[in-house]
Chemist: 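This structure is in structure tokens; I'll ask about it shortly.
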Amino acid sequence: MKFSARSETQAGGYILLSARAKPGITCTIPSGLPSVSFGSKGIEASSAEQAVGPAIKLSGSTTAYAGINPKTTNDNNGVEFTFLIAAIGTSDSDPASVSTGAVTVDKPIVTNWHTDPADAVPADAVPGDGTDN
């Protein structure tokens with residue numbers, strides 16, 4: 001599995017986490033949340049969605065996406081990190097360190113895996129819902 005992350009500026013800003021199978025490999029991401037944490041103290045992201053999505057089969061160019069809102073609070077608290085630790089789920093024994101650039105983290109949330117990046121926007125990052133930062 002190969003992970004990458006990029007900052008998205010729309011919808012108040014969030015991190016788009018991508019997962020792809022390595023060339024020649026086919027694998028299935030089970031339904032549920034990715035496991036995402038920040039720093040050596042393991043600030044873990046909690047669920048941004050009420051229900052889990054379906055399992056996703058990865059091969060070739062198929063990519064799975066999850067959205068991470070690293071800061072869901074409206075104050076000056078938080079810790080700055082430049083990477084996150086990602087795994088396909090909580091039972092994944094081989095998590096990866098993924099560079100994010102500098103982000104402030106305080107009570108992060110993460111979406112389920114999705115096949116369309118537009119579906120991976122964390123709800124707290126959607127403007128107009130009263131919870132955007």
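All values below were derived from every heavy atom in this structure, side-chain atoms included, with hydrogens, water molecules and symmetry-related copies excluded.
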Chemist: Working to the nearest 0.5 Å, report the span between NZ of Lys107 and OG of Ser46.
Modeler: 9.5 Å

Chemist: Which atom names give the shortest non-hydrogen contact between Pro54 and Ser31, and what distance separates them?
Modeler: C-CB, 3.8 Å

Chemist: Taking only residues two or more places apart in sequence, or in another chain, which ones meet Glu49 in a salt bridge (charged side-chain N to carboxylate O under 4.0 Å, His left out)?
Modeler: none

Chemist: Are the side chain of Trp113 and the backbone N or O of Gly89 linked by a donor-acceptor pair below 3.5 Å?
Modeler: no

Chemist: Can you measure from CD1 (Ile109) to OG1 (Thr72) and round to the nearest 0.5 angstrom?
Modeler: 6.0 Å

Chemist: What's the spacing between Phe83 CZ and Ser99 OG if we round to 0.5 Å?
Modeler: 9.5 Å

Chemist: What's the spacing between Arg6 CZ and Leu16 CG if we round to 0.5 Å?
Modeler: 5.0 Å

Chemist: What pairs with Thr63 under side-chain hydrogen bond (donor to acceptor under 3.5 Å, both in side chains), at least two apart in sequence or on another chain?
Modeler: Arg20

Chemist: With a 4.5 Å cut-off on side-chain heavy atoms, are Asp119 and Tyr65 touching?
Modeler: no

Chemist: Using side-chain heavy atoms (C-beta onward) and a distance below 4.5 Å, is Pro108 in contact with Ile43?
Modeler: yes

Chemist: Is the closest side-chain heavy-atom distance between Ile68 and Phe38 below 4.5 Å?
Modeler: yes

Chemist: So, taking the atom named CD1 in Ile56 and the one named OG1 in Thr115, what distance separates them when rounded to the nearest 0.5 Å?
Modeler: 5.5 Å

Chemist: Do Val98 and Val79 belong together in a cluster built from hydrophobic side chains that touch within less than 4.5 Å?
Modeler: yes

Chemist: For a quick test of reading the model, state the closest non-hydrogen atom pair linking Ala51 to Asn112 and the distance between them.
Modeler: O-ND2, 2.5 Å

Chemist: How about Ile15 and Val103: do any of their side-chain heavy atoms sit closer than 4.5 Å?
Modeler: yes

Chemist: Of the non-hydrogen atoms in Ala21 and Leu58, which two are nearest, and what is the gap between them?
Modeler: CB-O, 3.8 Å

Chemist: Going only through I, L, V, M, F, W and Y residues with side-chain contacts under 4.5 Å, is there a path from Val36 to Tyr14?
Modeler: no

Chemist: Looking only at non-hydrogen atoms, find the nearest pair between Ala66 and Val110 and report the distance.
Modeler: CB-CG2, 4.1 Å

Chemist: Taking side chain as C-beta onward, heavy atoms only, is Ser37 less than 4.5 Å from Leu84?
Modeler: no

Chemist: Do any pairs count as a salt bridge (charged side-chain N to carboxylate O under 4.0 Å, His left out) and have a residue in residues 75-101, sequence neighbours left out, and if so which ones?
Modeler: Lys71-Asp75

Chemist: Less than 4.5 Å apart, side chain to side chain, heavy atoms only: is that true for Ser4 and Ser18?
Modeler: yes

Chemist: Which heavy atom in Ala64 sits nearest to a heavy atom in Ile29, and how many Å separate them?
Modeler: CB-CD1, 3.6 Å

Chemist: Counting C-beta onward and ignoring hydrogens, is there a side-chain heavy-atom pair between Leu33 and Val52 closer than 4.5 Å?
Modeler: no

Chemist: Would you call Leu17 and Phe3 a side-chain contact if the rule is heavy atoms closer than 4.5 Å?
Modeler: yes

Chemist: Please find the pair of heavy atoms, one from Ser7 and one from Thr100, that lie closest to each other, and give the distance.
Modeler: OG-O, 3.9 Å

